[in-house]
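This report refers to the structure that appears directly beneath it.
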Amino acid sequence: LVEVLTGLRKAEKGEVTLDGAIITNDSPKLIKESGVGHIPEDRHRRGLILDFNVAQNMVLGIHYRRPFIKRMGFDVLNVTPINEKANRLIEEFDIRPPDRENLAGNLSGGNQQKIIVAREFDQNPALLIAAQPTRGIDVGSIEFIHQRLLLARTAGKAVLLISADLEEILSISDRIAVMYEGAIVGMVSPEEATEERLGLMMTGGDI
């Protein structure tokens with residue numbers, strides 16, 4: 001589902017629309033330009049380039065936009081605005097150590113995840129797709145990311161949270177949909193949901 005919504009996999013059937021515009025099978029770049037943010041499930045494979053520094057990772061996916069590039073007969077990275085953006089987001093999202101020149105691969109899992117969260121939130125997406133956003137990180141980082149997701153919801157953004165952590169789903173979701181064998185088998189409110197009920201739905205059972 002996430003791969004289809006973000007353009008990483010072609011949809012064999014069905015239609016994806018955002019604010020009335022059809023974006024089915026558009027490229028990841030076009031989908032991003034349409035207002036979709038993506039916190040990927042695997043931060044190392046799809047969220048970061050570990051051999052790039054923090055500042056460079058902060059503009060991944062938007063590095064071709066101005067002011068992050070400049071023309072010198074050909075496009076080159078414009079370091080000053082990239083560094084300014086990195087400094088601002090490092091402070092706002094409490095990324096540690098606060099060093100934009102540090103390689104992303106040198107940071108802890110929680111701080112690597114904060115780079116991705118900072119980058120995606122800063123683009124102010126209409127829809128934020130967060131796939132396993134707190135997997136494998138420390139408690140403090142989990143709480144921070146949950147707060148940011150709730151702030152996005154409060155600001156009127158659509159947030160699609162995909163998680164295998166039932167406690168996470170129950171604690172911050174407004175609506176809970178369960179998929180089984182590629183189809184949504186039911187949708188419930190957090191008040192209606194229990195771990196037992198969700199577990200039954202996850203096996204295709206009747207809600």
Side-chain angles (χ1 to χ4, degrees), residues 1-49 60-62 109 112-113 115-117 119-121 123-137 141-142 145-146 148-207:
L1 175 62
V2 173
E3 290 177 353
V4 167
L5 293 178
T6 56
L8 296 172
R9 179 183 298 200
K10 297 296 183 183
E12 297 179 1
K13 59 182 179 179
E15 187 174 88
V16 181
T17 63
L18 180 66
D19 289 335
I22 298 173
I23 60 172
T24 316
N25 293 337
D26 280 351
S27 69
K29 179 180 177 180
L30 287 176
I31 289 174
K32 191 173 191 67
E33 294 285 356
S34 71
V36 177
H38 179 207
I39 301 172
E41 180 175 355
D42 189 330
R43 58 180 168 268
H44 289 171
R45 288 184 58 203
R46 289 183 171 164
L48 299 167
I49 299 178
L60 283 182
I62 57 171
Q112 289 177 352
Q113 194 74 349
I115 294 174
I116 300 169
V117 171
R119 183 182 68 217
E120 298 304 309
F121 272 89
Q123 294 170 41
N124 195 30
L127 166 64
L128 178 65
I129 299 172
Q132 309 288 357
T134 60
R135 174 184 285 173
I137 63 177
S141 296
I142 289 173
I145 290 171
H146 283 175
R148 300 302 302 207
L149 292 173
L150 292 173
L151 284 173
R153 184 274 311 271
T154 302
K157 308 298 180 181
V159 179
L160 176 60
L161 169 66
I162 295 93
S163 177
D165 185 339
L166 292 185
E167 183 177 344
E168 178 172 62
I169 292 290
L170 290 167
S171 66
I172 66 173
S173 298
D174 295 317
R175 289 180 293 170
I176 302 171
V178 178
M179 295 187 71
Y180 175 75
E181 292 188 348
I184 294 176
V185 297
M187 187 177 296
V188 295
S189 70
E191 294 75 24
E192 299 170 317
T194 63
E195 290 189 4
E196 292 77 12
R197 188 176 189 185
L198 294 178
L200 179 62
M201 294 166 66
M202 290 164 67
T203 61
D206 189 352
I207 64 168

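Just so it is clear, the model here is predicted, and its values are computed rather than measured. Residue numbers run from 1 in the order of the sequence given.
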Whether the side chain of [X] engages the backbone of [Y] through a donor-acceptor N/O pair (distance < 3.5 Å, no angle test) should be reported.
X	Y	answer
Ser189	Arg175	no
Arg148	Phe121	no
Gln113	Thr134	no

Please tell me if the side chains of [X] and [Y] come closer than 4.5 Å, counting only heavy atoms from C-beta onward.
X	Y	value
Arg43	Ile137	yes
Glu41	Ile162	no
Met187	Val178	no
Leu150	Ile172	yes
Arg197	Val188	yes
Leu128	Leu149	yes

What distance do [X] atom [atom1] and [Y] atom [atom2] have between them, rounded to the nearest 0.5 Å?
X	Y	atom1	atom2	result
Asn25	Ile31	CG	CD1	8.0 Å
Glu33	Gln123	CD	CD	9.0 Å
Ile39	Leu160	CD1	CG	11.0 Å
Leu18	Ser34	CG	OG	5.0 Å
Leu48	Ile115	CG	CD1	5.5 Å
Ile129	Leu5	CD1	CG	4.5 Å

*Where do Arg119 and Leu60 land on the side-chain contact (heavy atoms from CB on, under 4.5 Å) test, with the steps shown first?*
CA-CA 8 Å; Arg119 183 182 68 217; Leu60 283 182; 3.8 Å; yes
*How would you list all residue pairs meeting side-chain hydrogen bond (donor to acceptor under 3.5 Å, both in side chains) that involve residues 4-19, not counting sequence neighbours?*
Glu3-Arg9
*Could you tell me which residues satisfy salt bridge (Lys or Arg N to Asp or Glu O under 4.0 Å) with Lys32, sequence neighbours excluded, listed by chain and number?*
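Partners of Lys32 by the salt bridge (Lys or Arg N to Asp or Glu O under 4.0 Å) criterion, ordered by chain and then number, come out as Glu120.
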*Which residues pass the salt bridge (Lys or Arg N to Asp or Glu O under 4.0 Å) test with Glu168, sequence neighbours left out?*
none
*Where do Ile116 and His38 come nearest, in terms of heavy atoms and distance?*
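The answer is CG2-O, 4.5 Å.
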_Using the rule side chain to side chain contact (heavy atoms under 4.5 Å, CB included), only one of Leu166, Leu161, Ile169 pairs with Ile176; which is it?_
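Testing Ile176 for a side chain to side chain contact (heavy atoms under 4.5 Å, CB included) against Leu166, Leu161, Ile169 leaves exactly one candidate, Ile169.
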